[in-house]
Each structure stands twice: as structure tokens, then as C-alpha cells.
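Only heavy atoms go into these numbers, but all of them, side chains included; no hydrogens, no water, no symmetry mates. Per chain, numbering begins at 1; letters A, B, ... match sequence-line order.
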Amino acid sequence: MNLFAIFADHLRAVVGALAVEGILPAGLDVSRVVVEPPRDPSHGDLATNAAMVLAKDARLKPRDLADLLAARLGAIAGVRRVDVAGPGFINIALDGSFWPRVLAAVLTQGRAYGSGSIGAGARVNVEYVSANPTGPMHVGHCRGAVFGDALANLLAFAGFAVTREYYINDAGAQVDVLAQSAYLRYREALGETITIPEGLYPGDYLKPVGRDLVAKYGRTLLDKSEAEWLPLVRIIAIDDMMAMIRTDLAALNIRFDLFFSERTLHARVGGNSSIIDRLMDDLRARDLVYQGSLPPPKGAPVEDWEDREQTLFRATQFGDEIDRPLVKSDGAYTYFAADIAYHKDKFDRGFRQMIDVWGADHGGYIKRMQAAVKAATAGEGHLDVEICQLVRLLRNGEPVKMSKRAGTFVTLRDVVEEVGVDPVRFMMLYRKNDAVLDFDLAKVVEQSRDNPVFYVQYAHARARSILRNAKEAFPDLPLEPAAFAQAELSRLDDEGEVGLAKLIAAYPRLVDQAAAAREPHRVAFYLYDLASALHGQWNRGKDLPHLRFIIEDDRNSTYARLALVHAVALVIASGLSILGVDAPEEMR
RNA sequence: GCACCCGUAGCUCAGCUGGAUAGAGCGCUGCCCUCCGAAGGCAGAGGUCGCACGUUCGAAUCGUGCCGGGUGCGCCA
């Protein structure tokens, strides 16, 4: 039950009816009409810009059109008053019976409240993390992982059919380096003293891989040439790295529907052409690939630039700034070529909408990838790319020093173990994804108002606590969700109570908008507001005892307020579950 | 040199896709526990929305140009 959507429908019906009657021209474009909560609550419950947006096409003055619309809107059941204000705003005030109806809907729908409006079951593929399988995940991966996961949750809640996908970069040179590094650890596990040369991965996390290789192959790999052992070692190493990454992700409560291997794109089984080969054939057939050379970048001089003929994709035809290479000088495909094939594969698996979550350092690749998707899917596929900016890790305001070479980089697991999943997830989402984020290890575990994670969880715990206490005061009151719908909700007429009801009524719209904008942080900020309203109402009961949620000698008012509290708890729990954060029964 | 992101209160940030008097936390000042969880709440002070033009009935939001910060810029991944 999205109040704002309902009134948007009412409005379209009114405009349609006026057109039928010949009062307004037919076919007015209502796409810019919005129904939203007015910024100032004294203006009413709903506001619309309809008159101002439609005035020009209707050939009426905004105020006159507003009067016309207002008269019709005033006739709708549940509407108490309609005003025209300012340049032509239409403000709608609902009568007191309306908020109880919203609450009743929440209590009936339970956790389904707010879900499923805009997705309409459309399939969406969300690809995120996709960290190289060459080591444990570090903090840098954390934000993209949490953002992608929460975005997927949000879209699923908004009614999309979401597939969560991880792209394993297991085909490039870096996994050969991984295999070489693992082979050294294998020899080490067999008793040799090793030194790890520059360019290989020095981390201790490869020692277990060495032991796994001994367990599987004994000493037999020692006699083989590199060309022979490398593929064998590579498989084990990648499997072990992916197992480690899955464990890291599990620590953040993140799971994927599909891990897609880049290697499968390159594979030529039984002498057949690979998926990338077939993509290239397709692009060539449509004259989107050619042999040519690129101009050197202007400005910043590139050392040892040499003009070179290469295989290029006509990215400029699809909005990119320059054509992009698909084949390396050694004849292998570029990462970009594989990536095009991968996205084409997603499209062929039935995804018209694809969302990729990338780190800030990949911002320069968005245009070429979108161009490629357009080209490879003949314009039918659509790729959105969400960029997660850097995270600056702090401790009490001081930057945490990290150096990969010194082995002092902080892993994702370190952070989760130090502060816990909930603070990590919430704080990573309590900022727009395209803004740099400061993450202070000391502050996020503080249990105070400074810490929004705690503040929101506390509101939920407080609501649950009220319900527990009510059970003692009124042992015979039925506190099951369904029974609450029988409460006399019209007793909720205090402004603080109505304020809470209005916030609850705004939740479905918020979900729609956050999903459409791909912005899970809006859910986090909304929850903060809702928590604040609950804490506020609680404290009003300190000064004004008749406003307390539990009134010992007023069973009916208590019951209505418990229904409200229960609805608040439901919505907080719902929002937190989108963020992947726990909604605790009590704080410890 | 070019592309993308950011610039809002002393600090850290929201601002509902162009609406009405720009909001919150921290910090500062002053209040509120014999009372459902004070791990909380209320009030006050504090802003030329980086700058300048432009579009519009209406701009923090859209366009153009500057200024400042970040990321990236032929075969790597």
C-alpha cells in the first residue's frame, strides 16, 4: 500500500476524466507529475506539482488548473481538505481515518509491507566483488561487496528477479603468477628453503596451498617442466583462493547465485571455437571490428609510444571516446574482449538489465563497457555501472597505515573480526556509494548516539522491549501480528504517533525510489529517521505520562499504541534486512 | 591535455531525480531520569549550497565556463 502511488493514480484518473469532458486537452503528458510528502507537514499530508507541470500544455494558468484539479481531488474518500498554495502546489490533507488504515495494512502484510512494487518480476543481474582469485579479500573489496549485496537485496525486495554473480578472473597472467608462487610453497612444504622473487605473491596464505599440492601430487611435480606443472598447480591454487574468498564473503553474510569463470570464455573444447571466438565472429560480421592504430593520448606524453596496428572494436559508434583493442600483440584476447563476451553471455542467459559494481579505479571503463553491451546485444541489453569510491580506514581519526609489500595490509576478515558484521555493513551503506568514505575502527563500535548502527538497532530493541513489558502489564492482550489489526487504531491521534504513522506510510515509496536510483544508502538514512522518531516519542512520555506506550489503566489506548510500536519494529527490521544488518531483540 | 566522480553549517554528511522557510549527527550553550531501557530526549547559536553566466513560473539539483580535490587515460587485470 503505497499512499503516494495511490494518489498519483487518483490524479491521473482526474486528468483523464477532465479530458473526456473536454475541459482539458486529451493526451497530456503526466510523466513529470509527482505526488510526495510536503516538506512542511503543516501543508498537509500529500503534495503534488501537477498543476505547474501540466499548465503549459493545458493552456491554463497554474493556479486555475490547480483549482480545477483540487475540486475533483477533494471528492475522494478519506480526503479532508485540498488547498492550492504558492505558484500552484496542490496540498492534500487526509482525515484521521487514513493513517490507521495504513497501519492496519502494515500489520496485515507484516514483513511483506513495502515490497514488490516496481520490479514487476523483471530479471536483473547484479555482478559485484569479482576480486581476483590471488589472495584474501582486503578492506578495499569490502565496500563493493556490501554495496552490491545490499543493492541486490533492495532490488529483490522491490520485486525484481535478481541473480547475484561473481566473475572469477582466472584466465589472465596473474593466475599464472599465482601458480608460480604456489609452486614455491609446494617446494617449501617438501623441505626446501625458498626465497620469493620480486613479482610473485609473498603472502603466507599460500603455504596451505603448497601443502595441498603435496597431499595431492606428492613429489611428482618436482620432475615436471613448468609447462607441465603450471596448469595442475593453477587449478588447485585458484580453487583454494576461491574457497578462502567464499569464507571471507560468508563472514559478511554475502552469498552468490553464480560464480562465473573467465576461463570458460576462452575454452576451446574439442577444437571448437570459444565463446570469445564466436563473439568476435559476430562483431566482425557486423563490421564492428577492424585493423587500425590509435592516436597517442594528447597532453601527457607517453614514453616509448610506438604506432602499432591492432584489432580494434568500434566503440566510438556507441558513445565511447576512442576505439578499443581486443587482441594483444601476443595474439591473446584482451581482458576487454573477454568482458564483452561475458556480458553477452549474461544477455544470452536472459538478462536485459545488468548492473556491475566496480571500484573507483575502474571509472574510466564504464563508457567502453556500456558501448560494448550496446553493440553485442544490438541495443537490447542495458548495463548500469555503480562505482564505489575509496574507503579510508581510520582508528581514532588517524589513518591506518597499509603496505602490501610490508605485509601490513588489512584484510576484510581482520575488520569484520574487530568490529563485527553489523557495523561494517551499516557504515559502508551510510554514505552515497560515489562519495569517499571514512571508516573509523574505533568509532563504529561505540554504543552511543554518534553511531547510527547502534542507534537504529537500539530503536528496534526498544520497540521489542515495550512489547515484552506490555505482556506483563496486560498478560491477556493478544500480541500476535494478526490480532493487532483489531486494535482501535483511531486512538492514535497524538502528533508524535501520527508522525510515526506517516513515516511508516512513506516506506514503500522510499523502497521504490531507492531501488530505481540504485541507492541502498537511502534505506539507511530512512531507518535513522524512523529510529529518531521512535526515541523522540518515547521521551515525550517522560514529560507527558499520558503519551507513554503502556498506560496501565487504559487497555484500549495501550493496545493501539502497541500496534504502532509493532509496525515500527516491523519496518525497522524490514529495512535492516535489506541492508543485511541484524535487528536485535535486546542490546547487550 | 582529455574523461568520470566530488565540492552544502567549524567538522562528517543527507537533501526524496526541478518545488514552498536548505536538514541531521558531532562539537559549542542551556535544559530533562522517584517515570515503559538516560546506550535516550528537548531547545539555542551556526549556511552567499566552490564561483560566474544561462534555461525555467521556480535551481543546492539541469546546461556552459572557470576554481579546488580525487580516480583513470593503447596491449596489464
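- In this structure, A/A360 reaches the sugar-phosphate backbone alone: every heavy-atom distance under 4.0 Å involves primed, P, OP1 or OP2 atoms, never a base.
- Taking the side chain of A/K367 as heavy atoms from C-beta on, and the options B/C13, B/C4, B/U17, the nearest nucleotide is B/C4.
- A/I466 comes within 4.0 angstrom of nothing in the nucleic acid, heavy atoms only.
- A/F525 comes within 4.0 angstrom of sugar-phosphate atoms only, judged by non-hydrogen atoms across all strands, and of no base.
- On a pure distance criterion of 3.5 Å, a polar donor-acceptor pair joins the side chain of A/N91 and the base of B/A20.
- Of the N and O atoms on the side chains of A/T311 and A/Q291, at least one donor lies less than 3.5 Å from an acceptor on the other residue.
- By the 4.5 Å heavy-atom criterion applied to side chains, A/R540 and A/D494 are counted as neighbours.
- Contact annotation for A/A470: no contact, since no heavy-atom pair falls under 4.0 Å across all strands.
- For A/Y455 against B/C26, no side-chain N or O and base N or O form a donor-acceptor pair under 3.5 Å.
- Spacing of P atoms, B/U12 relative to B/A52, comes out at 23 Å, to the nearest Å.
- Taking the side chain of A/E321 as heavy atoms from C-beta on, and the options B/A3, B/A14, B/C57, the nearest nucleotide is B/A3.
- Side-chain proximity of A/K328 to the nucleotides B/A20, B/G15, B/A77 is greatest for B/A77.
- A donor-acceptor pair under 3.5 Å links the side-chain atoms of A/Y166 to the main chain of A/A131, judged by distance alone.
- Residue A/E586 places its side chain closer to B/G37 than to any other of B/G74, B/A3, B/G37.
- With a 3.5 Å ceiling on both atom-pair distances, the Watson-Crick or G-U wobble partner of B/C4 is B/G70.
- Applying the side chain to side chain contact (heavy atoms under 4.5 Å, CB included) rule to A/D438 yields the partners A/R392, A/L394; only residues at least two apart in sequence or on another chain are considered.
- Both distances falling under 3.5 Å, in either a Watson-Crick or a G-U wobble arrangement, occur for no nucleotide opposite B/A60.
- The side chain of A/P87 has B/C57 as its nearest neighbour among B/C57, B/A3, B/C35.
- A donor-acceptor pair is defined here as one N or O able to donate and one able to accept, closer than 3.5 Å; such a pair exists between the side chain of A/R548 and the backbone of A/G541.
- Spacing of C1' atoms, B/C35 relative to B/G30, comes out at 23 Å, to the nearest Å.
- Between A/K432 and B/A14 there is a side-chain polar atom (N or O) within less than 4.0 angstrom of OP1 or OP2.
- Side-chain atoms of A/N132 lie closest to B/A77 of the nucleotides B/A77, B/G25, B/A38.
- Using a 4.0 Å heavy-atom distance criterion, A/S465 is classed as a base contact.
- The residue A/R509 sits close to a base: some heavy atom pair falls under 4.0 Å.
- Taking a pair to require two hydrogen-bonding distances under 3.5 Å in either a Watson-Crick or a G-U wobble arrangement, B/G18 remains unpaired.
- Ring-to-base geometry does not place A/H362 in a stacked arrangement with B/G72 (centre distance under 5.5 Å, plane angle under 30° required).
- Between B/U61 and B/U8, the two P atoms lie 14 Å apart (nearest whole Å).
- A/A85 comes within contact range of at least one nucleobase, with a heavy-atom separation under 4.0 Å.
- Between A/N539 and the phosphate of B/A38, there is no side-chain N or O to OP1/OP2 separation shorter than 4.0 Å.
- Base orientation at B/C33 is syn, since its O4'-C1' glycosidic dihedral falls within 90° of 0.
- Among the protein residues, A/D434 comes within range of the sugar-phosphate backbone only, with heavy atoms under 4.0 Å from sugar or phosphate atoms but none that close to a base.
- In the set B/G37, B/C76, B/G19, the nucleotide with an atom closest to the side chain of A/M587 is B/G37.
- Between the base of B/C35 and the side chain of A/R548 there is a donor-acceptor pair shorter than 3.5 Å.
- With no hydrogens or angles considered, a side-chain donor-acceptor pair links A/N169 and A/Y335 at under 3.5 Å.
- Across all strands, A/G172 comes closer than 4.0 Å only to sugar-phosphate atoms, never to a base (heavy-atom distances).
- Between A/R518 and A/I550, the residue whose closest nucleotide on RNA chain B is further toward the 5' end is A/R518.
- Along RNA chain B, the nucleotide nearest A/R522 and the nucleotide nearest A/A461 are compared for position; the residue whose nucleotide lies closer to the 5' end is A/R522.
- B/A14 and B/G40 are spaced 22 Å apart, taking the C1' atom of each and rounding to whole Å.
- Distance check on atom C1': B/A24 versus B/C67 gives 29 Å, rounded to whole Å.
- Listed pair A/K542 / B/A38 meets the phosphate criterion, a side-chain N or O lying under 4.0 Å from OP1 or OP2.
- You'll find that the side chain of A/F549 is closest to B/C36, out of B/C5, B/C4, B/C36.
- If you take CG of A/N396 and P of B/C26, they are 18 Å apart, rounded to a whole angstrom.
- Among the heavy atoms of the strands lying under 4.0 Å from A/D543 are primed sugar atoms or P, OP1, OP2 only; no base atom is included.
- Residue pairs meeting the salt bridge (Lys or Arg N to Asp or Glu O under 4.0 Å) criterion with at least one partner in residues 520-530 of chain A, sequence neighbours excluded, are A/E519-A/R522.
- For B/U55, the O4'-C1' to base torsion is more than 90° from 0; the nucleotide is therefore anti.
- In the set B/U71, B/C57, B/G40, B/G40 carries the atom at the smallest distance from any side-chain atom of A/Y458.
- In this structure, A/V436 reaches the sugar-phosphate backbone alone: every heavy-atom distance under 4.0 Å involves primed, P, OP1 or OP2 atoms, never a base.
- The cationic group of A/R509 lies under 6.0 Å from the six-membered ring centre of A/F4 and within 45° of the ring axis, placing it in a cation-pi geometry.
- Across all strands, A/Q310 comes closer than 4.0 Å to base atoms (heavy-atom distances).
- Base pairing annotation: B/C11 forms a Watson-Crick or G-U wobble pair with B/G25, both donor-acceptor distances under 3.5 Å.
- Remark: A/D476 engages A/R555 in a salt bridge, criterion side-chain N to carboxylate O under 4.0 Å.
- Heavy atoms of A/Y365 sit under 4.0 angstrom from at least one base atom.
- A/R368 has no side-chain polar atom (N or O) that falls below the 4.0 Å cut-off from OP1 or OP2 of B/C4.
- If you take atom P in B/G44 and the same atom in B/G63, they sit 37 Å apart, rounded to whole Å.
- Between A/W538 and B/G40, no base-stacking contact is recorded for ring centres under 5.5 Å apart and planes less than 30° from parallel.
- Distances from the side chain of A/D361 to the nucleotides B/G72, B/G15, B/C32 place B/G72 closest.
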